[in-house]
Amino acid sequence: MLDKYDIIVVGAGHAGCEAAAAAANLGSKVLLITMNMQNIAQMSCNPAMGGVAKGQIVREIDALGGYSGIVTDRSTIQFKMLNLSKGPAMWSPRAQNDRAQFAAIWREMLENTPNLDFWQDTVTSLIFNNQTISGVVTNSGSKIYSKSVILTNGTFLNGLIHVGEKNFSGGRSGERASFGITEQLVDVGFKSGRMKTGTPPRLDGRSIDYSKMEIQPGDISPCKFSFTPTLPVSHQLPCYITYTSPDVHEILKEGFDKSPMFTGRIQGLGPRYCPSIEDKISRFSERDRHQLFVEPEGKNTVEVYLNGFSTSLPQDVQYQAIRKIKGLEKVKIFRPGYAIEYDFFPPTQLKLSLETNYIENLFFAGQINGTTGYEEAAAQGLIAGINAHRKINQDEPFILQRSEAYIGVLIDDLITKGTDEPYRMFTSRAEYRLILRQDNADIRLTPKAYDLGLVNVNRLRSVERKIKEAGEIIKYFKDTSVSPDEINFYLGTIDSAPINQRLKLISILSRPSIDISGLASRLNGLHDYLSTMNSDSIHEAEVLMKYQGYILREKDLAAKFLKLDNIPIDPNFDFDKVKNLSNESREKFSKMRPLNFGQASRISGVSPSDISVLLVHLGR
């Protein structure tokens, strides 16, 4: 190790890995400290990346020069594009991954990243110089100094694992918890809380009867996450669907009196949108079955993940209930499900850069901020790594607006609204989801990444070519006409009204049942023209043409709201001077210190009238 680093990253989960990679690639000397070098980038819960809104985040990370998309593509065993029956704003990529390969590739990429060192140890306390971070102290007694520290402790801070009536300290199964940091941060003024998450049992695939289940294959023509030249998965493994039953529910109910969820031993709130199986049958008692996904853990293992059966019930109850599920009558279990409680720090104590309000150059990212999910954690890690580097180099923080990225929505929600339960991203959280599509993440963000220094000029040129080609395709559709003789037979095959005169191709494409591939299959000139174009450019042009009115409307709306984001508020402004503010708004403004009027307007409980009062007071 060096005597002093620019940045120390504590924790090597998804947030820590992205933070370390970003800061190191920008030129900072980085030390990544982890309790176990063998567990870098572990998929602690389900072996999958992406999903609704989460897939958009992974593509945004990739567009910004992060590693998650590349690692996902190189370890994918099944790929699905979700929500294809809906509009393109809802399309969300999801990959099933080889758990071991995913972690191995992440470690390989980190080891090949310049400026990045590793240290296996446990950080037990932080070193402060007045109100500024200056390093860490480890369990071995080492004092390691740095200009900045990023905490990405995941579920390890005072982690407590629950299985039935038993509980024991741990950060996750087989790994010890971390102690000391929470207490020290509380002593210097931070508020902390407790959250809970859980994981299902792992099964022996050799003892599963898949013939009794519904097979779920991947997409016939799988896509991928990264905008770099990674390859789509070539040989996909199937997943399967099975269901619980009333018999399963009855067995589970018998264990409720020993469930830490119902006996009060678990104090932290769990993820609303990923409830445990006991929570499902308690809250939705009218349902006689719940869907379960049987997912392989990798290509070279028989271990299987029972998605949808997260539980902390006693082992014997888990075993009896699982053996009542169709296809699992003779199943063997590798390890039981469990719940874990851990410390988090309400994210309203952070700036939009993810730097803390109380300690300069100290950054938080991941589950320590109250989020759940690999993707949300990785996104925060990337932004924290970028901003830690920029802060110590006296550069302005890199902040993404809500209209620029799902990552911007995520961080703005956390900082301005806070969370008292594990936060999960959904497309419904974004006001501008039609302009935040998964397919255009590179157009939105790669030029920014190039300006930051995170991607090379070749990636920028690739985006410029995509924009140029899409523009040329749109012009072709606007300039090229088609006659009734050329198109009416095709229109009849898809129950679309015939045309009576020549029309521009863009007019034909605007019909709901028409797509570019269908037109190209009937029009030789269009087919020949598009054969010279990249498929991503064709898709981009198609979306822009079919949804141009809606896209323009969203952009206009975003521009109006952005005006509020561009009106700054002095971070030292005394809100007590504004006598006409409501007490609630005055209290929340003073506590959260919004940096602009847009952020102030999104704070929960702040009324539009109080924003008007503040604008008038400041002469705006």
Side-chain angles (χ1 to χ4, degrees), residues 14 17-18 40-63 65-85 88 90-110 112 202 205 208 210 213-241 293-307 373-375 378 437-442 459 462 466 517 534-540:
H14 298 260
C17 288
E18 287 288 6
I40 288 175
Q42 276 292 301
M43 298 181 115
S44 305
C45 202
N46 63 321
M49 289 289 284
V52 176
K54 291 170 175 280
Q56 282 87 330
I57 288 177
V58 177
R59 297 217 92 195
E60 290 177 353
I61 291 169
D62 183 78
Y67 289 177
S68 289
I70 296 171
V71 174
T72 300
D73 288 345
R74 290 178 59 189
S75 60
T76 294
I77 57 177
Q78 188 191 92
F79 185 93
K80 276 181 174 288
M81 186 66 76
L82 306 180
N83 289 333
L84 284 176
S85 62
M90 304 297 289
W91 295 6
S92 302
R94 182 186 188 273
Q96 195 73 23
N97 294 93
D98 186 306
R99 185 189 299 275
Q101 192 178 23
F102 183 93
I105 293 170
W106 247 117
R107 177 165 174 170
E108 174 193 353
M109 292 191 69
L110 290 174
N112 288 322
R202 306 306 200 271
I208 295 175
Y210 293 106
M213 301 178 180
E214 303 170 18
I215 190 168
Q216 292 288 299
D219 289 347
I220 295 174
S221 300
C223 300
K224 61 193 188 78
F225 278 93
S226 181
F227 294 98
T228 65
T230 56
L231 298 175
V233 58
S234 57
H235 175 65
Q236 301 190 70
L237 298 184
C239 296
Y240 296 85
I241 290 178
F293 291 89
V294 180
E295 302 173 339
E297 295 259 333
K299 293 177 289 187
N300 300 311
T301 180
V302 297
E303 189 170 357
V304 168
Y305 182 89
L306 188 58
N307 196 341
Y374 309 141
E375 302 83 2
R437 306 183 310 277
Q438 56 85 28
D439 58 89
N440 72 349
D442 55 339
R459 290 194 63 173
S462 177
K466 180 177 177 180
S517 62
N534 185 280
S535 59
D536 288 344
S537 305
I538 296 171
H539 175 76
E540 178 69 17

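Count residues from 1 along the sequence.
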Just by distance, do the side chain of [X] and the backbone of [Y] share a donor-acceptor pair under 3.5 Å?
X    : Y    : answer
D219 : S221 : no
D73  : S226 : yes
D98  : S75  : no
Y374 : C45  : yes

Any idea which heavy atoms bring [X] and [Y] closest together, and the distance?
X    : Y    : value
L237 : P296 : CB-CG, 4.3 Å
Q78  : Q216 : NE2-O, 2.9 Å
A48  : R94  : CB-NH2, 3.3 Å
D442 : K466 : OD1-NZ, 3.0 Å
Q42  : A103 : NE2-CB, 4.0 Å
T72  : N97  : O-ND2, 3.1 Å

Is any side-chain heavy atom of [X] less than 4.5 Å from a side-chain heavy atom of [Y]?
X    : Y    : result
L231 : K224 : no
R437 : H539 : no
R459 : D62  : yes
E18  : W106 : yes
I241 : F293 : yes

Report the distance from atom [atom1] of [X] to atom [atom2] of [Y], rounding to the nearest 0.5 Å.
X    : Y    : atom1 : atom2 : result
T76  : Q101 : OG1   : CD    : 9.0 Å
M213 : C239 : CE    : SG    : 11.5 Å
H14  : I61  : NE2   : CD1   : 10.5 Å
I40  : C17  : CD1   : SG    : 6.0 Å
E108 : Y67  : CD    : OH    : 11.0 Å
Q96  : Y305 : CD    : OH    : 9.5 Å

Short side-chain donor-acceptor distance under 3.5 Å, E375 and S68: no

Criterion side-chain contact (heavy atoms from CB on, under 4.5 Å) on Y210 and V304, from CA distance to verdict: CA-CA 12 Å; Y210 293 106; V304 168; 3.5 Å; yes

The single option from Q438, R59, Q56 passing side-chain hydrogen bond (donor to acceptor under 3.5 Å, both in side chains) against S92: Q56

Geometric class of the F79/F225 ring pair [parallel <30°, tilted 30-60°, perpendicular >60°]: perpendicular

SB check K80 E295 (cutoff 4.0 Å): no

